[in-house]
Visitor: 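Below: one structure in structure tokens.
In this text the structure is predicted, and so the values were computed from the model without any measurement. Per chain, numbering begins at 1; letters A, B, ... match sequence-line order.
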Amino acid sequence: MDIAEQLAILKRGTAEVFREEELAERLAQARKTGRPLRAKLGMDPTAPDIHLGHTVVLRKLRQFQDLGHKAVLIIGDYTARVGDPTGQNTTRPMLSPEQIKQNAQTYFEQAGKILDMAPEKLEIRFNSEWLADLRLADIIKLAASMTVARMLERDTFELRYKKGDPIGIHEFLYPLMQGYDSVAIQSDVELGGTDQTFNNLVGRDLQRIAGQPPQIVITMPILVGLDGKEKMSKSKGNYIGVTDPPSEMFGKTMSIPDSLMENYFTLLTDMPAERIRELTNPAKTHPKEAKVLLGKLIVEQFYGRSAAEQAAEEFEKVFAQSQLPDQLSEAAVSAAPIAAAKLLVECGLAETGGQAKRAVLQGGVRINNEKITDPNQQIIPQNGMVVQVGKRKFVRLKV
RNA sequence: GGGUCGGUGCCCGAGCGGCUAAAGGGGAUGGACUGUAAAUCCAUUGGCUAGCGCCUACGGUGGUUCGAAUCCACCCCGGCCCA
């Protein structure tokens, strides 16, 4: 594949490339010397569960692998002790080493769904390997390569500063540590979300100072969450996890605002841009149809085609035709008569009695598809009885 | 170190001795309308109780008072200004 083609693939969906000419050069050089590029991605072991937001960058990294390059995954075990201030309104707690190790493990398992895990395509490094040995003098030297003004330029700091939120001095060290990672592993390229732009560019500076050719920085757009407003994140609950079961993945995809579809197609699938334009043009494609396709494509990447088809069918059945899903989770209850509200709590459909009572009073509860209106109505649980709260929570009773 | 302002429910934020489980907004949940989209509208939003009612809650501890998120003392945490 020639350089122009490679470049086109690598550029697709990116937010920015610093700098494109350098990337082209470096690709050409790799081809000439036969030395694959080292594409770095830092992983924060504080948040082990991967969602589609993370896969945007992982997919890009995978493209590098597929083009014959090497992915270098940095586990920020040492940096996690500092906590990346990016996007945080408050200082993060520091983690214990055991916790970090466990998180990293989970991360690998999940990242393996996207990345090529073959040893010759993937190098995994813990940054404590080089950061733990730095002495105070080294750290001061590192710190001297940055100014307070430049630090404060970063939105995250600026925002917090203006808002009057606390900023710990140690947080200033984070970008430096991350930048030093690039020096340590001699990366050719570093990938990250746009929120990592600053951190990644620091790597360029530090490499230059260290006499290395500065890495090319490729940033990917931040994936917007299901709410259509904020960044996809676990804490905001607006995410699709890579371990979500197919039906849930599909259902969540169907719930995104239409306006987000183009973005999702671009960042989460390999669909050509031209086709995406057709799909997201309501005059050419019905939005629901496009979204179904999107949902299938997403599920397919993690569970294969047949699971994707099945999830779509199931969705149609349950939500469009209000039928019961194929698979119902079971809840064991005793056979004694019980008030409806209490039954909901018993089988885990409500957390508290008050919540259950409310659900009933608001007409959201059905037992064997019959609406219950009185929270105190006595129910005699029977095997196979189906209890439903709202549109999406079902349970089959097991007496 | 000095001065000053602040810490309220999932989040933001009002309240500044009783009428306060605590205004308002956001979010979330349930309902209507739909394409589990958006927009809109209605309702709910500490726990226990069939209900009367009881318990827990306004940074922490102790106090004043018939009664405290509200007053006082000390402590913890944070912002800003000065040094």
Side-chain angles (χ1 to χ4, degrees), chain A residues 87-91 93 152 157-169 171 224-240 244-265 279-282 285-296 298-299 311-325 337-346 348-367 371-379 387-394:
Chain A
Q88 294 302 120
N89 35 14
T90 48
T91 309
L152 283 176
F157 285 139
E158 196 182 354
L159 223 68
R160 281 164 63 188
Y161 193 68
K162 280 190 180 151
K163 231 179 118 193
D165 284 341
I167 300 172
I169 298 285
E171 296 181 69
V224 176
L226 304 178
D227 55 13
K229 291 175 203 134
E230 299 203 78
K231 169 182 172 177
M232 182 176 282
S233 83
K234 196 181 176 190
S235 58
K236 291 197 186 88
N238 61 355
Y239 70 99
I240 300 178
D244 282 353
S247 60
E248 201 158 323
M249 243 183 211
F250 189 86
K252 282 180 177 175
T253 306
M254 292 305 284
S255 77
I256 64 169
D258 291 357
S259 55
L260 230 57
M261 276 199 281
E262 187 185 351
N263 195 247
Y264 274 43
F265 268 119
L279 286 166
T280 52
N281 180 348
T285 315
H286 189 285
K288 190 193 173 190
E289 206 178 296
K291 212 178 278 179
V292 168
L293 176 61
L294 175 65
K296 283 187 195 170
I298 289 173
V299 175
E313 273 168 38
E314 171 101 354
F315 178 85
E316 191 61 24
K317 201 170 111 186
V318 176
F319 295 104
Q321 299 167 28
S322 321
Q323 294 180 22
L324 285 177
I338 186 170
K342 292 211 164 172
L343 179 64
L344 294 186
V345 178
E346 281 297 311
L349 291 172
E351 280 166 38
T352 65
Q355 207 177 75
K357 204 182 293 178
R358 262 176 254 133
V360 173
L361 289 173
Q362 291 174 153
V365 175
R366 287 167 182 274
I367 293 180
K371 190 179 272 188
I372 305 295
T373 49
D374 176 10
N376 294 324
Q377 183 177 331
Q378 291 295 308
I379 307 292
V387 185
Q388 175 181 4
V389 176
K391 285 178 197 154
R392 43 201 287 196
K393 282 182 282 187
F394 305 86

Visitor: Kindly check if the number of other-residue, nucleotide or ligand heavy atoms within 6.0 Å of CD (A/Glu262) is above 12?
Guide: no

Visitor: Calculate the interatomic distance between A/Asn238 atom CG and B/A37 atom C1'; express it in whole Å.
Guide: 16 Å

Visitor: Determine the Euclidean distance between corresponding P atoms of B/A43 and B/U56; express it in Å to zero decimal places.
Guide: 32 Å

Visitor: Check side chain to side chain contact (heavy atoms under 4.5 Å, CB included) between A/Gln355 and all other residues, then give those that pass, not counting sequence neighbours.
Guide: A/Ala350, A/Glu351, A/Thr352, A/Arg358

Visitor: Could you state the interatomic distance from CD (A/Glu248) to OG1 (A/Thr253), rounded to the nearest 0.5 Å?
Guide: 10.5 Å

Visitor: Where each residue is assigned the nucleotide of RNA chain B containing its nearest heavy atom, which of A/Lys252 and A/Glu351 is assigned the position nearer the 5′ end?
Guide: A/Lys252

Visitor: Got a sec, which residues hit side chain to side chain contact (heavy atoms under 4.5 Å, CB included) with A/Asn263, two or more places apart in sequence or on another chain?
Guide: A/Leu223, A/Leu267

Visitor: Find every protein N or O atom lying less than 3.5 Å from an N or O atom of nucleotides 79-83 of chain B, and list the pairs.
Guide:
residue	atom	partner	partner atom	Å
B/G79	O4'	A/Gly164	O	3.4

Visitor: What nucleic acid atoms does A/Asp258 come within less than 4.0 Å of, heavy atoms only: base, sugar-phosphate, or nothing?
Guide: base

Visitor: Apply side chain to side chain contact (heavy atoms under 4.5 Å, CB included) to A/Lys296 and list each qualifying residue two or more places apart in sequence or on a separate chain.
Guide: A/Phe250, A/Val292, A/Ala308, A/Glu309, A/Ala312

Visitor: Going by the rule salt bridge (charged side-chain N to carboxylate O under 4.0 Å, His left out), which residues pair with A/Lys234 if we only count those two or more places apart in sequence or in a different chain?
Guide: A/Asp49

Visitor: Could you walk me through whether A/Ile256 and A/Leu294 pass side chain to side chain contact (heavy atoms under 4.5 Å, CB included), step by step?
Guide: CA-CA 11 Å; A/Ile256 64 169; A/Leu294 175 65; 3.9 Å; yes

Visitor: Roughly how far, to the nearest 0.5 Å, is the NZ atom of A/Lys291 from the OH atom of A/Tyr264?
Guide: 10.5 Å

Visitor: Once you apply a heavy-atom cut-off of 4.0 Å, does A/Ile256 come out as touching a base, just sugar-phosphate, or nothing?
Guide: sugar-phosphate

Visitor: For A/Pro287, which contact category applies under a 4.0 Å heavy-atom criterion: base, sugar-phosphate, or nothing?
Guide: base

Visitor: Between A/Leu226 and A/Gly353, which residue's closest nucleotide on RNA chain B lies nearer the 5′ terminus?
Guide: A/Leu226

Visitor: Each nucleotide N or O in nucleotides 25-31 of chain B that has a protein N or O under 3.5 Å away: list the pair and distance.
Guide:
residue	atom	partner	partner atom	Å
B/G30	O2'	A/Gln362	O	3.1

Visitor: Roughly, in whole Å, what's the span from CD1 in A/Ile372 to P in B/A50?
Guide: 17 Å

